[in-house]
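For reference, the structure is listed below as structure tokens.
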Amino acid sequence: MSPRNALHHGHAPGHPATVDITVTADGTVTVDDAGPGISPALAHSLFQRFHSGSGSTGLGLSIASWIAHAHDGTLTVDPSAHGGARFILKLPALGR
């Protein structure tokens with residue numbers, strides 16, 4: 001979900017990364033990239049510890065998801081309009 005991961009994974013080989021980050025007043029952060037997207041085979045386990053399709057430790061998304069849930073929020077992934085992945089972090093806004 002981090003912009004750094006999006007910059008690293010968010011492009012096709014030989015092309016520059018395209019990453020859009022949107023933050024809204026309702027507590028939603030959206031990160032869209034133009035990478036290869038998320039394999040349907042990985043989508044069900046993407047937020048579980050030690051599951052990774054990129055050879056990493058598989059902890060980053062599981063920690064981000066745990067933090068979101070600890071604050072009554074959510075972290076989801078969908079296909080991006082750029083052709084890659086769209087990660088959506090929703091946290092409740094204070095005082096609402």
Looking at Lys90 and Thr28, what are the two nearest heavy atoms and their distance?
CG-OG1, 3.6 Å
Residue pairs involving residues 76-88 (criterion salt bridge (charged side-chain N to carboxylate O under 4.0 Å, His left out); sequence neighbours excluded)
Asp32-Arg86
Keeping the roles fixed (side chain from Asp33, backbone from Ala85), state whether a donor-acceptor pair exists under 3.5 Å.
yes
Return a table of donor-acceptor pairs under 3.5 angstrom between the side chains of residues 67-77 and protein atoms on other chains or two or more places apart.
{"from": "His69", "atom 1": "ND1", "to": "Ser65", "atom 2": "O", "distance (Å)": "2.8"}
{"from": "His69", "atom 1": "ND1", "to": "Ser65", "atom 2": "OG", "distance (Å)": "3.4"}

